Amino acid sequence: MTTATAPSAAPLTAVDRCDRCGAQAYLRVSLQGGGELLFCAHHAREHGDKLREIATYVHDETDKLADTPTVTTDDEA
């Protein structure tokens, strides 16, 4: 008997860490054989093409790194 689990589309958080280096993960890869791998943006770029070949689902949040945080000055607060 085999059971399949649905790929997780839940947002990645600061608790999710890269399986290669331990940095914050921005990519979750669900594998064909089951299981998931998490990668930081650096390792996602380095291994991205190969990961997409073996993945059944890829949850990519690397676009979050391009967001510029809003900075307020004391005059605006």
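These numbers were taken from a predicted model, which means no experiment stands behind them.
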Side chain to side chain contact (heavy atoms under 4.5 Å, CB included) between Val29 and His47: does it pass, once the steps are laid out?
CA-CA 11 Å; Val29 179; His47 303 291; over 6 Å; no
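When side chains are defined from C-beta on, Cys18 does not count as touching Gln24, because their heavy atoms never get closer than 4.5 Å. Annotation: side chain of Val58 is not in contact with side chain of Leu51 (no heavy-atom distance under 4.5 Å). Side-chain contact check for Asp63 versus Leu65: every heavy-atom pair is 4.5 Å or farther apart.
Among residues at least two apart or in separate chains, there is no salt bridge (charged side-chain N to carboxylate O under 4.0 Å, His left out) pair with a member in residues 9-21.
For Glu36 (side chain) and Arg28 (main-chain N/O), no donor-acceptor pair under 3.5 Å exists by modelled atom type.
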Show me the side-chain donor-acceptor pairs of residues 37-46 shorter than 3.5 Å, one per line, residues at least two apart or across chains.
residue	atom	partner	partner atom	Å
His42	NE2	Glu46	OE1	3.4

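Of all heavy-atom pairs between Ile54 and Gln32, the closest is O-CG, 3.2 Å. Between Leu12 and Tyr26, the shortest heavy-atom contact is CD1-C, 3.4 Å.
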